[in-house]
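Note that ligands are numbered from 1 as they come in the structure, with each ligand's atoms numbered from 1 the same way.
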Amino acid sequence: MKAPMNDYLTELLDICGEDDGAVADYIPELAQADPDRLAVAIATLDGQVYSAGDADVEFSIQSISKPFTYALAITDLGLEGVLERIDVEPSGDAFNEISLEPSTGRPRNPMINAGAIAAHALVEGGDAPKRFERILELYSRLAGRELSVDEGVFESELDTADRNMAIAYMLKTVGTLEDDPADVVRGYTRQCAVSVTVEDLARMAATLAANGMSPDGTRVLEPAVTRQVLSVMATCGMYDAAGDWLTTVGIPAKSGVAGGLIGVLPGQVGIAVFSPRLDQHGNSSRGVRVFERLSADMGLHLMEAPESARSVVRTPRVRDDGEPSVHELAGDLRFVESERVLRGLEAEPEGDGVVVLDLHRVHRVHDVARRMLLEGVRRLRIDGHEVRLVDPDGLLPDPDVDVSEPGDDTPRDGYVPQVFDSLDEALAASGG
Ligand code: GLU
């Protein structure tokens, strides 16, 4: 079979309409870019990448580097330390505004240049080259190949980086930068000049979508770090069009002045588009249209509520004839699903009947669900029931519940519900 995904992406590029806007020219080298380039890529969490258009053309990452460097700063310094120096409020200002929060002296967020330059400087490394090396190493791990700097773009931006220099000196005056501001801007400018393709960017975005786990199962970033980064991308990632973007496209995103644009759909995919002409907000003009279309076609808007949990819990067989009652659970158990399970258990009358919780169709038990289910087991036990678990994959690890005797709610170690591989075995078992 021919891959339908690639055909869909090719079609998507065909219908994304006339290009408008203009390439960024405040960095002279960017003005040389071929404005007609157009590419899109989607990466799944297990490492599949689909692309169309100029997918092997390299361009500079620019501001799309900001969320990844922010992630490294948080990894190095801890979230609290970073928040003390960089806030997380959308600014509504231009990306290169020379301003800080009047009350705290912090840059407003890490997606505008002031916050991004501060975040760059917070990355550990000892000296500037070492710091940059660590940043490039992270980007390369996320992209799944060794990335490098476009020296032409780097030199060109550094020659004209007066505004970013002004920002860095301003950060130094309020004590946010300890290092030499010129060194920091040099490092930040190198970070922005890293060369990528849409496929690289889609892979980098997919690792954020996977809570920091790369497709080969290696942890690159901690889940708490990716959550912070995605939250900031959702509120501040699209320059001063962030509100418009979140309402229409509904995907945490980050754009860069070279025409790149990434979107991260948590738990699903990483997406990247490249088209150099920018709209009045500095976002890739066709890139925005491609995302709008993708989001609508594929139902990717984050605020679109998922299907309800109704299908996850089958109507329980609550018995009053001495036969075991069976509660069948399925799918992914989180808070909402577990609440439904507990509601089913509440219907169990007090007594010494057998209650079976059948988890053999469950894929995943989130921590909150595990705690809720074990509390349910504990309460069933207090009511006098014998509880049997059908849990062939061991999804409810160590289900030891702190009561030992029916009717006794004094916490005590010892009650371990019997675990079975199949419902038949659980029903056939004799009392335990
Ligand atoms: N290197 C660019 C700058 O600092 C990045 C800006 C952007 O992509 O928004 O001006």
Side-chain angles (χ1 to χ4, degrees), residues 21-33 58-70 86 90-99 107-121 123 132 135-136 139 147 149-171 177 181-196 198 200-201 204-205 232-233 236-242 245 253-263 272-285 287-288:
V23 297
D25 56 6
Y26 76 102
I27 299 173
E29 189 75 11
L30 294 187
Q32 308 304 317
E58 297 204 352
F59 53 95
S60 52
I61 190 169
Q62 296 299 340
S63 276
I64 302 169
S65 63
K66 291 171 178 173
F68 300 105
T69 296
Y70 181 53
I86 308 166
S91 73
D93 291 331
F95 71 99
N96 56 3
E97 193 70 15
I98 306 182
S99 76
R108 286 197 166 81
N109 67 67
M111 300 296 120
I112 55 171
N113 286 10
I117 291 169
H120 176 93
V123 170
F132 178 72
I135 289 173
L136 187 62
Y139 296 0
L147 300 176
V149 172
D150 181 329
E151 298 293 341
V153 171
F154 166 65
E155 295 293 344
S156 169
E157 180 166 2
L158 197 62
D159 280 350
T160 53
D162 300 335
R163 218 181 154 87
N164 284 340
M165 288 290 180
I167 290 173
Y169 278 97
M170 170 184 72
L171 289 170
L177 284 195
D183 271 355
V184 174
V185 170
R186 212 182 143 76
Y188 164 76
T189 308
R190 275 189 92 63
Q191 144 187 341
C192 291
V194 170
S195 246
V196 287
V198 275
D200 295 328
L201 288 180
M204 295 171 82
V232 172
M233 284 169 68
C236 315
M238 294 297 283
Y239 304 119
D240 44 351
W245 173 268
K254 186 70 202 92
S255 60
V257 286
L261 174 49
I262 62 166
V273 183
F274 168 54
S275 170
R277 288 197 181 92
L278 309 179
D279 63 18
Q280 76 274 22
H281 300 292
N283 297 315
S284 166
S285 186
V288 170

Asker: Could you tell me whether the side chains of E97 and S99 share a donor-acceptor contact shorter than 3.5 Å?
Answerer: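 No, S99 and E97 have no side-chain donor paired with an acceptor closer than 3.5 Å.
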Asker: Centre of Y188's six-membered ring, under 6.0 Å away, within 45 degrees of the axis: is that where NZ or CZ of K66 sits?
Answerer: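 So K66 doesn't make the cation-pi contact.
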Asker: Quick one: does K254's side chain have a donor or acceptor within less than 3.5 Å of a partner on I262's backbone?
Answerer: no
Asker: S65 and side-chain hydrogen bond (donor to acceptor under 3.5 Å, both in side chains): which partner among H120, R190, Q191?
Answerer: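 The residue from H120, R190, Q191 that satisfies side-chain hydrogen bond (donor to acceptor under 3.5 Å, both in side chains) with S65 turns out to be Q191.
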Asker: Is there a donor-acceptor contact under 3.5 Å from the side chain of N109 to the main chain of I112?
Answerer: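 Present.
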Asker: Could you tell me, for ligand 1, which of its N or O atoms are under 3.5 Å from any protein N or O, listing the pairs and their distances rounded to 0.1 Å?
Answerer:
unit_1	atom_1	unit_2	atom_2	d
ligand 1	1 (N)	Q62	OE1	2.7
ligand 1	1 (N)	E157	OE1	2.9
ligand 1	1 (N)	E157	OE2	2.7
ligand 1	4 (O)	N113	ND2	3.0
ligand 1	4 (O)	E157	OE2	3.4
ligand 1	4 (O)	N164	ND2	3.0
ligand 1	4 (O)	Y188	OH	2.7
ligand 1	8 (O)	S63	N	3.0
ligand 1	8 (O)	S63	OG	2.8
ligand 1	8 (O)	Y239	OH	3.3
ligand 1	8 (O)	V257	N	2.9
ligand 1	9 (O)	S63	OG	2.6
ligand 1	9 (O)	Y239	OH	2.4
ligand 1	10 (O)	Y26	OH	2.6
ligand 1	10 (O)	N113	ND2	3.4

Asker: Identify the residue among I117, D159, T160, L158 that makes a side chain to side chain contact (heavy atoms under 4.5 Å, CB included) with T189.
Answerer: L158
